[in-house]
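In what follows, chains carry the letters A, B, and so on, assigned in the order in which the sequence lines appear, proteins first and then strands, with residues in each chain numbered from 1.
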Amino acid sequence: MTTADNTEPPADGRRQLPPQYLPGEVEDRRYQDWVDAGYFTADAASAAPSFTIMIPPPNVTGSLHIGHALDHTLIDALVRRRRMQGYNALWLPGTDHAGIATQNVVERELAKEGLSRHDLGRDAFVERVWQWKANYGGKILDQMRSLGDSVDWSRERFTMDAGLSRAVQTIFKRLFDDGLIYRAQRIINWCPRCMTALSDIEVDHSDDEGELVSIRYGDGDAAVVVATTRVETMLGDTAVAVHPDDARYTHLVGTTVELPLTGRHIPVVADPHVDPEFGTGAVKVTPAHDPDDFEIGRRHDLPSLTIMDERALITAAGPFEGLDRFEARPAVLAALRAEGRVVAEQRPYPHAVGHCDRCGTTVEPRLSLQWFVKVEPLAKAAGDAVRDGRVRIYPAQLAARYFDWVDDMHDWCISRQLWWGHRIPVWYSAGGEVRCVGPEDEPPGEGWTQDPDVLDTWFSSALWPFSTLGWPDQTPDLRAFYPTSVLVTGYDILFFWVARMMLFGLYAMADAGPGQSVPFRQVALHGLVRDAFGKKMSKSRGNTVDPLDWIARFGADATRFTLARGASPGGDVALSEEWVAGSRNFCNKLWNATRFALMNGAVAGSELTQDDRARLSVPDRWVLSRLAAVTAEADALFEEFEFAKVSDVLYHFAWDEFCDWYLELAKAALNGADEAAAGLTRRVLGYVLDRLLRLIHPLMPFVTEELWTALTGGESVMVAPWPGVLADAGAGAGAAVGVGAAAAAGAADPAAEAVVESLMRLVTGVRRFRADQGLRPGQPVPAVFAGIGDTSLAAHEPSIRALLRLTEPAAGFTPNASVQAEGITVRLDTSSGIDVAAERRRLTKDLAAAQADAEVSQRKLSSQSFLDRAPADVVAKSRDRLAAAQAEIARLRERLTALADAAS
RNA sequence: GGGUGCAUAGCUCAGCGGUAGAGCACUCGCCUUACAAGCGAGGGGUCACUGGUUCGAACCCAGUUGCGCCCACCA
């Protein structure tokens, strides 16, 4: 590994850079160089502490969208920084088989050929999906290269790989044997279009316009009115329920009422679940088609009458048979109305209805035999791991949501009536025996048939942190890289994925001990990507951003920086083309700063000795002091996943301080006659830029690589030591690693900072005068600096003159204007005289501001309670401020008077 | 229905107890020998509303209004 600390100065005739950064010419080449150099490949045998991040596996059907780009930008920044810090960094890539989604894609393809999966049969269909995967799957992995993702391609995984499938089977068997997986007849969420069961979180609830209908069951004294939004299910009613304490119905409990249209009589039962306040206080009970009713049915031993098939067509014999559920509803209602059973109709009646999150079809609660994970004991452990700090969630407030869910989680329905996925490893004999088969077991022979269902795709995703490392085998990878360090993903899949990895990680890896069984130590959640107005991106809205388009037009670095700049923990990211253009400009700024450095013979790679530091100029000292502060700040912010703030700090240091002031100030020394001073500044220039590029590299890998190698002649900034001061890192055993620790950018230099800040105020003040006076920026103006000898700026007059284009006075110099700032009076000869009106406007404005300032301070200081209660430093600050304002007022008044005198 | 978050410059957001900040947009002047994807200067905000706590509130507390998100088996 090479470092920046090669002592040889760069060879002469280094590459000349063109005046603009053209990302297209850099990115592909650099990426391939990195891959070829093996920088992305982690080493399970490394002695260095590991830093591991697992990619949130995108669907194998997917292509890179802006959400991935956000996720990957943040992950890549974390991984690149750790790698530079000397960690054995692994970012493992891969894809998810995405059961329903992928099956749907291939089925649609088949449909174009006029075929259904049933025409092919199970084996041929699955084969067809594999074929599809071979041809089109993993497109997204290729696209990741263009973002610069530093993933370890040698460790790419797919959730249906043989190894990962073995992990699935292993844990299924283990859970089964532990009694944590069971099969039961339950009401589950059923999608009649996908024709499969769904778990609770695969159902999106939204308010639909419904209709609340009140229907009279029975007649005369035995009549009872029930209200429902799902009239058609009355065909499957097997009871009416009322609250036990509801006096209106006590006389009916235990009797039966006639169920209209069916000729059946159903019992009236008393159940505490019924809310006497709602509707009529009487509820129709359909155990086979409503989860509540199923529970009531269980309590009262009611029969379950299934009246719909898996396509949600009515199966109950009679006039409605064969109708779709939505056709049956008006039909049943009409029939009831014809019999005079409809007491009231209330519409519209908005109420929450579940929809399949894959296809949007209204979910049908359906009684069926499914496999479930008993989550309670697992969820308890998953909650505790966060509660006791073994896993930390960023931002912390999202932990509350995690607890809400984990602490009250229903059993997880894991069977899916699909063909694409991990088949449930359970076999049944003709005699009704059940056998769960582990990966080492012989499959049962003659007379046994395997369960036809496959597992929920999230079942295998939940194993991702360790199945990808070879579990259940105790592989070197598993030992080296588990637990993973950080999980980075959007808060939208906190429940889908994050919580489930917690359930299974803690369970499967329990032998490793409490601290080592967690799937990750930190969870860094980001938000959704939105448009410039904070609106959700969607194809129908037409406000989506294609990251590949941005990369092509603005560069990967600009795209990444824009995303990072918007990413605060848990916060949504707003994007627009103006912003990515701004980031592109920032790349160009760095490009030209480096270009300037190269043109001026900047020397990178030499450390500054104590001796050197003693001879530094004030601007050199200032920039080093600022670099130290910014380095520490950026480093701390990285630890907290404050990407927006890191980006902001680096952006402003690079642009506002390094480029706008330091490079301008350095010009005096670089072009000056003092060779020793110039040489020292060339080294400081190289030193600061070198470190700045390293600090920015995790966020903008390509441009920094191109510039850093050009500046230093080093091999790659990717493997240059990180300049940060290392804090106790989340991964590893808290040991500070990396040669970067020694390269901490030095100490603060408040004296130098004070001088440069004073210089900035003076320069800005005079520039303002020039602007007010309409003096063209480039026009040289003769001037003298009266009183500068008594200030800290005495030695910097040449720099100040250069910044302000003020020339030495020639013979016959007759100043006709003056500006005061920082205790210095700058007298200028503007030749044409000054614009008195403009000057008066400026002075008047400044006077008003100073007076307002003084007034506020005065008011505070005249309050006795303020003087008594406020801390001494606050009072002192107010005093200083008042004094300064008063001095300013006096000065401005004097100038205004002088101006008036001069005018008359 | 239950949680939870947010209301700050035209837009997107930062600041979270001591006299309001950034990026973009806007105005004016500049092709000043790294950069016009640039440089310099400037304008713009009763920090949603009402009370309270405090010497002092954008910041803490309560309420109001308006948005947003998550969870949810009330017919």
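- With salt bridges taken as basic N to acidic carboxylate O contacts below 4.0 Å, one links A:Glu232 and A:Arg329.
- Salt-bridge formation is detected for the pair A:Arg768/A:Asp846: a Lys NZ or Arg NE/NH1/NH2 atom is positioned less than 4.0 Å from an Asp or Glu carboxylate oxygen.
- Distance from the side chain of A:Trp579 is smallest to B:U12 among B:U32, B:U12, B:U19.
- Distance A:Asp853 CG to B:A20 C1': 13 Å, rounded to the nearest Å.
- The side chain of A:Val874 lies closest to B:G18, out of B:G38, B:G18, B:A75.
- Of the candidates B:A22, B:C30, B:C39, B:C39 carries the atom nearest the A:Lys589 side chain, counting heavy atoms from C-beta on.
- A:Ala884 pairs by the side-chain contact (heavy atoms from CB on, under 4.5 Å) definition with nothing, not counting sequence neighbours.
- Qualifying side-chain hydrogen bond (donor to acceptor under 3.5 Å, both in side chains) partners for A:Trp412, counting only residues two or more places apart in sequence or in other chains: A:Asp456.
- The side chain of A:His273 has B:C73 as its nearest neighbour among B:G18, B:C73, B:A22.
- When heavy atoms are screened at a 4.0 angstrom cut-off, A:Cys587 is found touching no nucleic acid atom at all.
- Among the protein residues, A:Pro365 comes within range of no part of the nucleic acid, since none of its heavy atoms lies under 4.0 Å from any strand.
- Listed nucleotides B:C30, B:C35, B:G18 differ in distance to A:Pro777; the shortest reach to its side chain belongs to B:C30.
- Electrostatic pairing of A:Glu888 and A:Arg881 does not count as a salt bridge here, judged by no charged N lying under 4.0 Å from a carboxylate O.
- One finds no salt bridge joining A:Arg841 and A:Glu839 here, because no Lys/Arg side-chain nitrogen approaches an Asp/Glu carboxylate oxygen to under 4.0 Å.
- Within 4.0 Å of A:Glu664, counting heavy atoms only, lies at least one base atom of the nucleic acid.
- In the set B:A72, B:C39, B:G42, B:C39 carries the atom at the smallest distance from any side-chain atom of A:Asp660.
- With distances taken from any side-chain atom of A:Arg565 to the nucleotides B:C73, B:A22, B:C35, the minimum falls on B:A22.
- Contact annotation for A:Leu494: no contact, since no heavy-atom pair falls under 4.0 Å across all strands.
- Of the possible donor and acceptor atoms, one in the side chain of A:Asp531 sits under 3.5 Å from a partner among the backbone N and O of A:Phe533.
- Across B:G3, B:C24, B:C31, the shortest atom-to-atom separation from the side chain of A:Tyr651 is found for B:C24.
- Counting any heavy atom pair closer than 4.0 Å across all strands shown, A:Phe495 reaches sugar-phosphate atoms only and no base atom.
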Review point. In dot-bracket form, how is RNA chain B paired, counting a Watson-Crick or G-U wobble pair only if both its distances are under 3.5 Å and using | for bases paired to another strand?
Key: ((((((((.[[[[.)..(..]]]].(((((.......))))).....[[[[[..)....]]]]])))))))....
